[in-house]
Amino acid sequence: QVQLVESGGGSVQAGGSLRLSCAASGYTIIRKCMGWFRQTPGKEREGVAAIFTGNGHTYYIDSVKGRFTISQDNAKNTVYLQLNNLKTEDTAMYFCAADSWLGCTTTLTALSEQSYNYWGQGTQVTVSS
């Protein structure tokens with residue numbers, strides 16, 4: 001049974017930092033396309049960042065480039081999302097996703113919500129001004 005467990009969310013002031021973790025069980029992250037998505041009430045889930053763990057290639061939406069960093073630890077079977085210089089508009093529930101059938105070939109495919117088969121329960125990030 002595949003499980004993705006996110007942790008690390010919390011409440012911070014604008015300009016602050018958080019590190020989100022996504023621990024996988026029943027599934028190896030090695031040579032996989034793994035993604036982070038976020039969602040606010042009433043809005044669609046949006047892809048934030050993705051990584052192909054085979055070569056470490058990363059993908060980001062424009063609004064987080066230079067502020068967020070996705071990374072992997074194969075030994076811990078865990079993917080991370082480092083969030084720096086947080087803004088109020090980053091407030092959302094953040095979800096980890098795994099096993100994209102489209103794969104991490106372009107930013108569009110890597111951040112395509114419909115292509116991922118496994119999802120975590122999410123971790124809340126709240127940024128106050």
Side-chain angles (χ1 to χ4, degrees):
Q1 182 181 358
V2 176
Q3 277 193 313
L4 302 175
V5 179
E6 302 98 332
S7 61
S11 297
V12 296
Q13 289 192 321
S17 297
L18 287 170
R19 190 175 81 152
L20 308 183
S21 299
C22 171
S25 60
Y27 179 87
T28 177
I29 70 167
I30 297 175
R31 295 188 61 78
K32 296 295 193 327
C33 187
M34 303 285 295
W36 282 98
F37 292 73
R38 65 186 179 187
Q39 188 173 26
T40 54
K43 293 188 177 181
E44 292 187 357
R45 198 174 296 185
E46 94 177 316
V48 175
I51 185 169
F52 178 62
T53 60
N55 58 15
H57 197 80
T58 58
Y59 307 82
Y60 300 95
I61 54 169
D62 287 345
S63 61
V64 307
K65 284 180 181 177
R67 300 190 298 121
F68 291 7
T69 304
I70 189 171
S71 62
Q72 66 193 82
D73 185 331
N74 290 347
K76 295 184 177 180
N77 214 36
T78 297
V79 173
Y80 302 97
L81 186 66
Q82 178 69 40
L83 289 64
N84 294 331
N85 191 21
L86 280 160
K87 303 178 180 181
T88 55
E89 52 264 41
D90 295 319
T91 294
M93 183 73 78
Y94 283 71
F95 298 88
C96 174
D99 198 38
S100 165
W101 60 268
L102 277 176
C104 283
T105 52
T106 66
T107 303
L108 185 63
T109 62
L111 300 182
S112 169
E113 176 192 2
Q114 290 78 13
S115 72
Y116 284 86
N117 291 316
Y118 303 117
W119 292 86
Q121 294 299 307
T123 185
Q124 178 68 36
V125 171
T126 302
V127 185
S128 59
S129 59

- Item | Shortest non-hydrogen contact from Gln124 toward Ala92 | NE2-O, 3.4 Å
- Hey, does Leu4 have a side-chain heavy atom less than 4.5 Å from the side chain of Phe95? no
- Task: State whether the side chain of Ser115 and the backbone N or O of Ser100 hold a donor-acceptor pair below 3.5 Å, judged by distance alone.
- Result: no
- Message: With a 4.5 Å cut-off on side-chain heavy-atom distances among I, L, V, M, F, W and Y, is there a chain of contacts connecting Met34 to Val2?
- Response: yes
- Task: Starting from the C-alpha separation in whole Å, work towards a yes-or-no answer on side chain to side chain contact (heavy atoms under 4.5 Å, CB included) for Glu113 and Glu44.
- Result: CA-CA 10 Å; Glu113 176 192 2; Glu44 292 187 357; 5.6 Å; no
Name every donor-acceptor pair, under 3.5 Å, that has one atom in a side chain of residues 12-31 and the other anywhere in the protein, sequence neighbours excluded.
residue, atom, partner, partner atom, Å
Ser17, OG, Asn84, OD1, 3.0
Tyr27, OH, Asp99, N, 3.2
Thr28, OG1, Ile30, N, 3.2

- Item | Rounded distance (nearest 0.5 Å) linking atom OG1 of Thr107 with atom NE2 of His57 | 7.0 Å
- So, does Glu6 use its side chain to make a donor-acceptor pair with the main chain of Cys96 at under 3.5 Å? yes
- Message: Starting from Val79, can I reach Tyr118 by hopping between I/L/V/M/F/W/Y residues whose side chains sit under 4.5 Å apart?
- Response: yes
- Rounded to the nearest 0.5 Å, how far apart are OG1 of Thr109 and CZ of Phe52? 11.5 Å
- So does Glu89 have more than 12 non-hydrogen atoms from other groups sitting under 6.0 Å from CD? yes
- Message: Quick one: does any side-chain atom of Thr91 pair with a main-chain N or O of Val127 as donor and acceptor, under 3.5 Å?
- Response: yes
- Task: Return the minimal non-hydrogen interatomic distance between Ala110 and Phe37, and the atom names on each side.
- Result: O-CZ, 4.5 Å
- Could you grab the distance from atom CZ of Phe68 to atom CG of Leu81, nearest 0.5 Å is fine? 6.5 Å
- Electrostatic pair Asp62:Lys65 at N-O distance under 4.0 angstrom: yes
- Item | Any donor-acceptor pair under 3.5 Å from Tyr80 side chain to Asp73 backbone | no
- Check the pair Arg67 / Asp90 against side chain to side chain contact (heavy atoms under 4.5 Å, CB included), numbers first and verdict last. CA-CA 11 Å; Arg67 300 190 298 121; Asp90 295 319; 2.7 Å; yes
- Contacts satisfying disulfide (SG to SG under 2.5 Å) that involve residues 25-63 (not counting sequence neighbours) are Cys33-Cys104
- Query: Does Glu46 CD have over 12 foreign heavy atoms under 6.0 Å away?
  - Reply: yes
- Item | Considering all heavy atoms, the nearest Ala50-Tyr116 contact | CB-OH, 3.9 Å
- Task: Using the side chain to side chain contact (heavy atoms under 4.5 Å, CB included) rule, pick out the option among Ile51, Leu111, Ile70 that qualifies with Tyr60.
- Result: Ile70
- Flag yes if Met93 and Trp119 sit in one hydrophobic cluster, no otherwise; membership is Ile, Leu, Val, Met, Phe, Trp, Tyr, and two members link when side-chain heavy atoms are under 4.5 Å apart. yes
- Query: Excluding sequence neighbours, so at least two apart, what forms salt bridge (charged side-chain N to carboxylate O under 4.0 Å, His left out) with Lys76?
  - Reply: none
